[in-house]
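As structure tokens, the structure follows; a few thoughts come after it.
Numbers for residues simply follow the sequence, beginning at 1.
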Amino acid sequence: RNDIVERTLESKLRSDVRISLKISRTGEILNIKTIGVSINNESIETFIDVIRKSGKFPMAPQGLKLDYVTFPVNFRNRG
């Protein structure tokens, strides 16, 4: 989603981070966690909050039989 990309760019991430997103078939964010990085970093916490507050993702296609999907996303520091 382009709106998430725009909002996360504004969050000024201080280091590269890999995030795991767990999204339900209805598009609801079920879980967000960092991979290989401590969440104690304030810029990462802010970054995750931006994603969490962004709302639902699009619904899954009707043919998808899974209740949710989990996928990693890499975000890079732009500093």
Side-chain angles (χ1 to χ4, degrees):
R1 293 186 21 194
N2 289 336
D3 61 321
I4 293 177
V5 171
E6 290 175 21
R7 289 182 201 159
T8 55
L9 287 174
E10 295 170 5
S11 69
K12 300 195 180 356
L13 193 60
R14 292 186 194 146
S15 62
D16 294 352
V17 66
R18 189 170 198 193
I19 304 276
S20 172
L21 296 168
K22 184 176 181 180
I23 311 293
S24 75
R25 93 180 350 205
T26 62
E28 184 178 346
I29 298 172
L30 300 174
N31 191 14
I32 302 174
K33 64 181 181 178
T34 59
I35 300 172
V37 177
S38 171
I39 196 166
N40 294 336
N41 184 322
E42 184 179 330
S43 70
I44 293 174
E45 285 182 39
T46 302
F47 184 78
I48 289 174
D49 285 343
V50 167
I51 296 170
R52 196 171 271 128
K53 292 176 182 175
S54 67
K56 287 182 154 187
F57 281 72
M59 290 182 68
Q62 295 227 340
L64 183 68
K65 302 297 181 198
L66 303 172
D67 291 333
Y68 63 87
V69 292
T70 303
F71 55 95
V73 181
N74 295 317
F75 294 94
R76 296 197 175 266
N77 170 4
R78 293 187 47 128

Joint hydrophobic cluster, Y68 plus I48, side-chain heavy atoms closer than 4.5 Å:
no
For I19 and I35, run side chain to side chain contact (heavy atoms under 4.5 Å, CB included): C-alpha distance rounded to whole Å, both residues' side-chain angles, the deciding distance at 0.1 Å, then the answer.
CA-CA 6 Å; I19 304 276; I35 300 172; over 6 Å; no
Using 0.5 Å steps for rounding, measure from the CG atom of D67 to the OG1 atom of T26.
10.0 Å
Listed by chain and number, what are the side chain to side chain contact (heavy atoms under 4.5 Å, CB included) partners of V69, not counting sequence neighbours?
I23, L64, L66, F71
Set of residues satisfying side-chain hydrogen bond (donor to acceptor under 3.5 Å, both in side chains) with respect to N74, sequence neighbours excluded
R18
What's the spacing between E45 CD and T34 OG1 if we round to 0.5 Å?
10.0 Å
Could you work out, with side-chain hydrogen bond (donor to acceptor under 3.5 Å, both in side chains) as the rule, every residue matching S20, not counting sequence neighbours?
none
Output the rest of the hydrophobic cluster of M59: all Ile, Leu, Val, Met, Phe, Trp and Tyr residues reachable through side-chain heavy-atom contacts under 4.5 Å, sorted by chain and number.
none
